[in-house]
Engineer: 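A single structure is presented below for examination.
Everything numeric here is computed off the predicted structure, so don't read it as measured data.
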Amino acid sequence: MREMSLTPDLVALCHRDIVDPGPDGRWTAISDEGYGELAERLERENLGQPLWVFAYGSLIWKPEFEAIDRQRATAFGWHRSFCLHINRWRGSREQPGLMMALERGGRCDGVIYRLPDGDRVGQIERMLRREVSSFENIDAVRWLPVKSESGPCRALGFWVGATGERILSRRPLDEVAGILARACGHFGSCAEYLYNTVSHLEDFGIRDRNLWRLQQLVADEIRSIHGSAAHRADGPCGCAR
């Protein structure tokens, strides 16, 4: 693994204690019944096949579900993008953040996880509750054809091809870096999210060129924001440790 410019010490400078502001009233919350119905629909669509989940961001390093197998896999025709505007979780209403979704074009190398065969409806519902909180974003949960180490298969993906006012597409990387270096919510900072994603992709031998460049830009932005504190985090020589 190459040494990242964005270090845990620099990420720590972005942390602030934020109180959860609660749901955004602009969106329609999914009811318990709605989650159950969507989970049952996805299980029917799976047609009795092994249930694979495509992870390209936080699901890689914090899946919060049990898996009986995992493999590297590629989704062609999609790429990672910090395009999802958030004012909660890792952002606030005073300083909104950005999270990743999959947008059209290119390719995305990630990891597929196979879930156990028992209680699959319950497992799907658990993931839905983690990933999607509003009715308006249900369409961003979809099946993706992927090519894995053992051949082609279909996997469940989250925040795939999302549309609407929450999606801020094709922002320059330096603009995205400025947002990620500043945004923090009750779940943590956007810088932490980026650091964890890049470092865990490296663990799987995956190098996303845009994310690697972005972590360098975010590190530089944190140094410009925090001045002497960032210099101390870098160490006595002024270089990232």
Engineer: Any ion pair linking Arg171 and Asp174 (charged N to carboxylate O, less than 4.0 Å)?
Structural biologist: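 Answer for the salt bridge query: no.
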Engineer: Could Glu192 and Arg90 be called an ion pair, given the rule that one side-chain N must be under 4.0 Å from one carboxylate O?
Structural biologist: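 Salt bridge flag = yes for Arg90 with Glu192.
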Engineer: With a 4.5 Å heavy-atom cut-off, do Leu194 and Leu211 have their side chains touching?
Structural biologist: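 Yes. Closest side-chain heavy atoms under 4.5 Å.
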Engineer: Between Ser58 and Arg130, does any side-chain donor sit less than 3.5 Å from a side-chain acceptor?
Structural biologist: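 A donor-acceptor contact under 3.5 Å links the two side chains.
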Engineer: For the atom pair CD1 (Ile86) and CG (Asp24), what is the distance rounded to the nearest 0.5 Å?
Structural biologist: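 Atom-to-atom, Ile86:CD1 and Asp24:CG are 12.0 Å apart.
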Engineer: For Phe135, does the CZ atom have more than 12 heavy-atom neighbours from other residues, nucleotides or ligands under 6.0 Å away?
Structural biologist: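 At most 12 heavy atoms, drawn from other residues, nucleotides or ligands, come within 6.0 Å of this atom.
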Engineer: Step by step, would you call Tyr193 with Phe82 a side-chain contact (heavy atoms from CB on, under 4.5 Å)?
Structural biologist: CA-CA 11 Å; Tyr193 174 84; Phe82 273 94; 3.5 Å; yes
Engineer: Check whether any side-chain N or O of His226 sits under 3.5 Å from a backbone N or O of Ile222 as a donor-acceptor pair, and report yes or no.
Structural biologist: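 No.
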Engineer: Is the shortest heavy-atom distance from the side chain of Val53 to the side chain of Phe158 under 4.5 Å?
Structural biologist: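 Result yes, sub-4.5 Å side-chain heavy-atom pair found.
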Engineer: Is there a side-chain contact between Val198 and Trp212, using heavy atoms and a 4.5 Å cut-off?
Structural biologist: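 Heavy-atom side-chain distance check passes, below 4.5 Å.
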Engineer: Give a yes or no on whether the backbone of Leu6 and the side-chain of Gln215 come within a donor-acceptor separation of less than 3.5 Å.
Structural biologist: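 Looks like yes, one N/O pair under 3.5 Å.
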Engineer: Hey, could you give me the NE2/CZ distance between His85 and Arg166, rounded to the nearest 0.5 Å?
Structural biologist: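 It is 9.0 Å, given to the nearest 0.5 Å.
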Engineer: Can you find a side-chain donor-acceptor pair between Trp78 and Glu103 that sits under 3.5 Å?
Structural biologist: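 Distance-only check fails for Trp78 and Glu103.
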Engineer: Looking only at non-hydrogen atoms, find the nearest pair between Arg104 and His79 and report the distance.
Structural biologist: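 Scanning both residues completely, I find the closest heavy atoms to be O-CE1, 2.9 Å.
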Engineer: Could you tell me whether the side chain of Arg16 reaches within less than 4.5 Å of the side chain of His186, counting heavy atoms only?
Structural biologist: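 They are not in contact (no side-chain heavy atoms under 4.5 Å apart), so the answer is no.
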Engineer: Please report the shortest heavy-atom distance between Tyr35 and Ser133, naming the atom on each side.
Structural biologist: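 Smallest interatomic distance, heavy atoms only, reads OH-CA, 3.5 Å.
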Engineer: Do Asn210 and Arg213 come within less than 4.5 Å of each other through their side chains, counting heavy atoms only?
Structural biologist: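 Sidechains of Arg213 and Asn210: no contact.
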Engineer: Specify the closest pair of heavy atoms between Gln95 and Ser92, including all atoms of both residues, with the distance to one decimal.
Structural biologist: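 Taking Gln95 first and Ser92 second, the nearest heavy atoms are N-OG, 2.9 Å.
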Engineer: Are Met100 and Trp61 linked, directly or through other ILVMFWY residues, by side chains that come within less than 4.5 angstrom of each other?
Structural biologist: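 Yes, same cluster.
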Engineer: Are the side chains of His15 and Ser189 in contact, using a 4.5 Å heavy-atom criterion?
Structural biologist: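 Contact flag for Ser189/His15 side chains = no.
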Engineer: Taking only Lys NZ, Arg NE, NH1 and NH2, and the carboxylate oxygens of Asp or Glu, determine whether Glu149 and Arg72 approach each other closer than 4.0 Å.
Structural biologist: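 Answer for the salt bridge query: no.
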Engineer: Does the side chain of Leu59 come within less than 4.5 Å of Phe65's, by heavy atoms?
Structural biologist: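 Counting from C-beta outward, Phe65 and Leu59 do come under 4.5 Å.
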Engineer: Would you name the heavy atoms of Trp27 and Ser134 that are closest together and state the gap between them?
Structural biologist: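 Taking every non-hydrogen atom into account, CB-CB, 3.6 Å.
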Engineer: Can you check whether Leu115's main-chain N or O pairs, donor with acceptor, with Glu66's side chain at less than 3.5 Å?
Structural biologist: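 Side chain of Glu66 to backbone of Leu115, a donor-acceptor pair under 3.5 Å: no, none is there.
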Engineer: Treating Asn46 as the side-chain partner and Gln49 as the backbone partner, does any N or O pair qualify as donor plus acceptor under 3.5 Å?
Structural biologist: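 Yes.
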Engineer: Are any of the side-chain nitrogens in Glu37 or Arg41 under 4.0 Å away from the carboxylate oxygens of its partner?
Structural biologist: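 Looking at Arg41 together with Glu37, the answer is no, because their closest N to O distance does not fall below 4.0 Å.
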Engineer: To the nearest 0.5 Å, what is the distance between OG (Ser5) and CG (Leu217)?
Structural biologist: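 Rounded to the nearest 0.5 Å, the OG-CG separation comes to 9.0 Å.
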Engineer: Hey, is Arg80 close enough to Asp208 for a salt bridge, meaning N to O under 4.0 Å?
Structural biologist: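 Here Arg80 pairs with Asp208 in a salt bridge, since their nearest N and O are under 4.0 Å apart.
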Engineer: Can Arg142 and Asp139 be counted as an ion pair, charged N to O under 4.0 angstrom?
Structural biologist: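 Salt bridge between Arg142 and Asp139, a charged N being under 4.0 Å from a carboxylate O: no.
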Engineer: Ignoring hydrogens, what is the shortest heavy-atom contact between Pro116 and Ile68? Give both atom names and the distance.
Structural biologist: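 For Pro116 and Ile68, the tightest heavy-atom pair comes out as CG-CG2, 4.0 Å.
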Engineer: Count I, L, V, M, F, W, Y as connected when their side-chain heavy atoms are under 4.5 Å apart, and connections chain through other members. Are Ile18 and Leu180 then in the same cluster?
Structural biologist: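 Each belongs to a different hydrophobic cluster.
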Engineer: Under 4.5 Å between side-chain heavy atoms, chaining through other members, with only Ile, Leu, Val, Met, Phe, Trp and Tyr counted: pull out the rest of the cluster around Val19, sorted by chain and number.
Structural biologist: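 Members other than Val19 - counting any ILVMFWY side chain reachable under 4.5 Å - there are none.
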Engineer: Quick one: CG on Leu168 to SG on Cys83, what's the gap to the nearest 0.5 Å?
Structural biologist: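 Here the rounded value is 7.5 Å.
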Engineer: Is the backbone N or O of Ser150 less than 3.5 Å from a side-chain atom of Ser148, with the two atoms forming a donor-acceptor pair by type?
Structural biologist: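 Flag set: sc Ser148 to bb Ser150 pair under 3.5 Å.
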Engineer: Can you tell which of Ile124, Leu128, Val132 makes a side chain to side chain contact (heavy atoms under 4.5 Å, CB included) with Leu38?
Structural biologist: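 Of the listed options, the one satisfying the test is Leu128.
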Engineer: Look at the aromatic rings of Phe187 and Trp89 and report parallel, tilted or perpendicular, splitting at 30° and 60°.
Structural biologist: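 Phe187 vs Trp89 ring planes: perpendicular.
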Engineer: What distance separates Leu42 CG from Gln123 CD, expressed to the nearest 0.5 Å?
Structural biologist: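 Output value for this atom pair is 13.0 Å.
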Engineer: Applying a strict under-4.5 Å side-chain criterion to I, L, V, M, F, W and Y, I'd like to know whether Val121 and Ile30 cluster together.
Structural biologist: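 No; tracing contacts between hydrophobic side chains, which count when under 4.5 Å, never links both residues.
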Engineer: For a 4.5 angstrom cut-off between non-hydrogen side-chain atoms, does Glu202 reach Ile206?
Structural biologist: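 Glu202 does not reach Ile206 side chain to side chain.
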Engineer: Sub-3.5 Å donor-acceptor pair from the side chain of Gln71 to the main-chain atoms of Tyr113, do we have one?
Structural biologist: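 Pair absent, no side-chain N/O of Gln71 close to backbone of Tyr113.
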Engineer: Checking side-chain contact (heavy atoms from CB on, under 4.5 Å) for the pair Phe54/Leu156: CA distance, chi angles, key distance, verdict?
Structural biologist: CA-CA 6 Å; Phe54 183 67; Leu156 189 62; over 6 Å; no
Engineer: Could you walk me through whether Ile112 and Arg70 pass the side-chain contact (heavy atoms from CB on, under 4.5 Å) check?
Structural biologist: CA-CA 5 Å; Ile112 53 172; Arg70 68 182 188 184; over 6 Å; no
Engineer: How far apart are the closest heavy atoms of Ala219 and Leu10, and which atoms are they?
Structural biologist: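 For Ala219 and Leu10, the tightest heavy-atom pair comes out as CB-CD1, 4.0 Å.
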Engineer: Who pairs with Arg93 by side-chain contact (heavy atoms from CB on, under 4.5 Å), at least two apart in sequence or on another chain?
Structural biologist: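 Only Pro21, Asn87 meet the side-chain contact (heavy atoms from CB on, under 4.5 Å) criterion with Arg93.
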Engineer: Assess whether a salt bridge exists between Glu165 and Arg26, defined as any Lys/Arg side-chain N lying under 4.0 Å from an Asp/Glu carboxylate O.
Structural biologist: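 Yes, charged N to carboxylate O under 4.0 Å.
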Engineer: Mind running side-chain contact (heavy atoms from CB on, under 4.5 Å) on Arg207 and Leu201 for me, showing each step along the way?
Structural biologist: CA-CA 7 Å; Arg207 174 69 50 81; Leu201 284 172; over 6 Å; no
